[in-house]
Amino acid sequence: MKHRIVIHQTYRVERRIAVEIDAPNAACGCEMLASGAIDIPSFDDPRWIEFRTLEHEDYRPV
């Protein structure tokens, strides 16, 4: 006898990108990013690096 089972996975995703900002110091650069004075690169910018970590996995009958 066959049974259908759903596999449910929950991931944590982290993305990182390094950008150069013209600012008096690094703290000011962070503040400029946080305030929106400088745009964050677009989501699909190829410089983003993505890390995934499996946090939970479970199995259920359909």
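Keep in mind it's a predicted model, so treat the numbers as computed, not measured. Numbers here simply count residues along the sequence, with the first being 1. In what follows, every heavy atom counts, from backbone to side chain, and hydrogens, waters and symmetry copies are set aside.
When every heavy atom of R47 is checked against every heavy atom of A18, the shortest pair comes out as NH1-O, 4.2 Å. Of all the heavy atoms in F43 and W48, the pair that sits closest is O-CD1, 3.6 Å. Nearest approach of P41 to V19, heavy atoms of both residues: CG-CG1, 3.6 Å.
Atom CZ of R15 is surrounded by more than 12 heavy atoms from other residues, nucleotides or ligands within 6.0 Å. Within 6.0 Å of CG on D58 lie more than 12 heavy atoms contributed by other residues, nucleotides or ligands. Residue F51 qualifies as enclosed at atom CZ: its count of foreign heavy atoms under 6.0 Å is above 12.
In this structure, NE2 in H3 is found 5.0 Å from CE in M1, a value given to the nearest 0.5 Å. Taken from CE in M32 to CG in D22, the straight-line distance is 7.0 Å, to the nearest 0.5 Å. The CD atom of Q9 sits 7.5 Å away from atom OH of Y59, with the distance rounded to the nearest 0.5 Å. Between the CZ atom in R60 and the NE2 atom in H8 there is a gap of 5.5 Å [rounded to 0.5 Å]. Between C28 atom SG and I21 atom CD1 the span is 11.0 Å, to the nearest 0.5 Å.
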Item to complete: Test side-chain contact (heavy atoms from CB on, under 4.5 Å) on H56 and Y11 and set out the steps.
Response: CA-CA 7 Å; H56 182 73; Y11 285 88; over 6 Å; no

Item to complete: Begin from the C-alpha positions of E57 and T10 and carry the test side-chain contact (heavy atoms from CB on, under 4.5 Å) through to its verdict.
Response: CA-CA 6 Å; E57 181 174 273; T10 303; over 6 Å; no

Worksheet entry | Full working for side-chain contact (heavy atoms from CB on, under 4.5 Å) between I5 and V62 | CA-CA 5 Å; I5 305 294; V62 175; 5.8 Å; no

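Contact annotation: the side chain of I17 approaches that of D45 to within less than 4.5 Å [non-hydrogen atoms, C-beta and beyond].
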